[in-house]
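Here the structure comes first, spelled out in structure tokens, and everything after it is commentary.
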4 protein chains.
Amino acid sequence: MTLPLLESHPEHLGGPDPAAIANCVGECLACASACTVCADACLSERDPASMVHCIRTDLDCADLCTATARVLSRRSGTKTVLDALLRACEQACRACADECGRHAAQHRHCALCEEACRSCSDACQQLRDHLVGAGE
Amino acid sequence: MTLPLLESHPEHLGGPDPAAIANCVGECLACASACTVCADACLSERDPASMVHCIRTDLDCADLCTATARVLSRRSGTKTVLDALLRACEQACRACADECGRHAAQHRHCALCEEACRSCSDACQQLRDHLVGAGE
Amino acid sequence: MTLPLLESHPEHLGGPDPAAIANCVGECLACASACTVCADACLSERDPASMVHCIRTDLDCADLCTATARVLSRRSGTKTVLDALLRACEQACRACADECGRHAAQHRHCALCEEACRSCSDACQQLRDHLVGAGE
Amino acid sequence: MTLPLLESHPEHLGGPDPAAIANCVGECLACASACTVCADACLSERDPASMVHCIRTDLDCADLCTATARVLSRRSGTKTVLDALLRACEQACRACADECGRHAAQHRHCALCEEACRSCSDACQQLRDHLVGAGE
């Protein structure tokens, strides 16, 4: 639903590609949701002490993805903010994917979360290329 | 992706139906996203003064839906909190749907947002019935 | 700083008391911050398995308090939403205070967090009385 | 309250200075709150069309500051994420301060919000120097 909404925005013409924005917003929302569930699932594992770092990267990633989805939904046009935020989100997704990857064989929620994080990390990188490539 | 994640949660058995939770989480995320874009689109309309109340209900609804999606993703089990939160989210969705409905003929983003809000409002009500009906 | 800002709002006259709103916003922000640190501190304790429920109530409470502070900062005027949201926030604060109270003798962060939660719970209740007492 | 909480964290020794973290968290929370009120106050001004860009920078800044306060409250230790996030938050605060500065003579909420944003921007920059200066 994000794409038709962005396409109905009065200022959608002449700006960044709505499909590229909508794709990244969708990835951020899916990743935030995956990380929030994964953090809670980690807490229920038999040895939560071994999952502490994973829980932290999950929570950080969820917060970054939520903020990124919101900022991307606005036509604020501050490229320096978007550039730094997409970098931060990409890094948080990568850190979480790497950590979840260490537990993916044992815990299916970590395997699924790793997948969501890698996909979102890629989407952030692509959107950053698209926005920076388009010039100020 | 929320449903397979919830199904991989170690405590998913014996609790509320993961499909019912996943459905409501998905509706909340979609509604939060719709409201965030709609608020920004309203700002770009020719007469933003006439959209002020709509922007406010959009922003409130986005905040409530985001918080609800997060809390629903945890196995905290505090029924009084879930009950009140789902009520609040349902009311915020309804208030926003009613306000967007007033502009739906003029602005496509309001028509789409109204739809997302009604759908999320219904999902919150159904989940509340499910959770309360299941007993403490 | 919240009070002078609310007092500089063009519509602050004739509405709810800015000091009552500012007080509750301040409590919500302080409580959200306390809960976020407490959740992370619980993860670092020697036996995180015993802190799992505390971490969950911390995270829920932080999410509710953050959303409540935001919604209270707007003049959306939807009393049914505010009433349900303040109830939900009050309940989440109480649930977290009760759980942190169980660990307050062992962990200073839980003692401090319990205090922040009780104080915020009271502020939510008082504001709800004020807003509902003031009529629609 | 953030400082005593951070000092009660089991891992607070050997990490970044809790006072530096607590200061930046406090600035982020105050700035997020100022921006949320300022956005709503802008909507109530006689000519909201002239405040559209200000409302957008307010909302972006509030989202970034909220996420930054949360991530800073955890001992996740991912320096690349913190570095990029503090940069993004600093840029969002600066963009909002510059925009609010344009309206500071007319609207007291913009003057107060500009002040909160400049102060938070400085705090983010200082903390980034502190964290990066401390090595990996």
Side-chain angles (χ1 to χ4, degrees), chain A residues 9-11 15 25 28 32 35-36 39 42 49 51-100 117 120-121 124-125 128 131 136, chain D residues 9-11 15 25 28 32 35-36 39 42 49 51-100 117 120-121 124-125 128 131 136:
Chain A
H9 193 298
E11 290 183 60
V25 168
C28 284
C35 288
T36 306
C42 287
M51 306 306 289
V52 164
H53 187 53
C54 195
I55 294 165
R56 283 175 171 149
T57 56
D58 274 333
L59 295 176
D60 280 359
C61 192
D63 286 338
L64 259 296
C65 286
T66 300
T68 302
R70 285 169 166 250
V71 173
L72 286 177
S73 301
R74 295 187 198 108
R75 293 298 307 271
S76 322
T78 319
K79 285 240 169 116
T80 50
V81 175
L82 275 183
D83 183 57
L85 179 56
L86 286 169
R87 270 178 209 276
C89 193
E90 185 189 330
Q91 294 295 333
C93 289
R94 232 174 248 182
C96 191
D98 289 349
E99 179 60 27
C100 276
C117 289
C120 188
S121 173
C124 288
Q125 197 190 332
R128 198 156 58 78
L131 293 177
E136 182 60 63
Chain D
H9 193 299
E11 290 184 60
V25 168
C28 284
C35 289
T36 307
C42 287
M51 307 305 291
V52 164
H53 187 53
C54 195
I55 294 166
R56 283 175 171 149
T57 55
D58 273 334
L59 295 176
D60 280 359
C61 192
D63 286 338
L64 259 296
C65 285
T66 300
T68 303
R70 285 169 165 250
V71 172
L72 287 177
S73 301
R74 296 188 196 108
R75 293 299 307 272
S76 322
T78 318
K79 286 241 169 113
T80 49
V81 175
L82 274 183
D83 184 55
L85 178 55
L86 285 169
R87 270 178 209 276
C89 193
E90 185 190 330
Q91 293 295 332
C93 289
R94 232 174 247 181
C96 192
D98 289 349
E99 179 60 26
C100 276
C117 290
C120 188
S121 173
C124 288
Q125 196 190 332
R128 198 157 57 78
L131 293 176
E136 182 60 64

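Each chain gets a letter, A, B and so on, in the order its sequence line appears, and its residues count up from 1.
Among all heavy-atom pairs drawn from D:Glu11 and A:Arg56, the shortest one is OE2-NH1, 3.4 Å. Scanning all heavy atoms of the two residues, the minimum distance from D:Ala67 to A:Ala67 falls at CB-CB, 3.9 Å.
Going from atom CD of D:Gln91 over to atom CG of A:Leu85 covers 11.5 Å, rounded to the nearest 0.5 Å. To the nearest 0.5 Å, the span separating OG1 on A:Thr80 from CD on D:Glu90 amounts to 10.0 Å. Of the inter-residue distances, the one linking A:Ser76 atom OG with D:Ile55 atom CD1 reads 11.0 Å to the nearest 0.5 angstrom. The distance from atom NE2 of A:His53 to atom OG1 of D:Thr78, rounded to the nearest 0.5 Å, is 5.0 Å.
Using a 4.5 Å cut-off between heavy atoms, D:Ala95 touches chain A through its side chain atoms alone. Both the backbone and the side chain of D:Leu59 come within contact range of chain A, with heavy atoms under 4.5 Å apart. With a 4.5 Å cut-off on non-hydrogen atoms, A:Arg94 does not touch chain D at all.
Under the side chain to side chain donor-acceptor pair (under 3.5 Å) criterion, A:Arg74 pairs with D:Asp60, D:Asp63, sequence neighbours left out.
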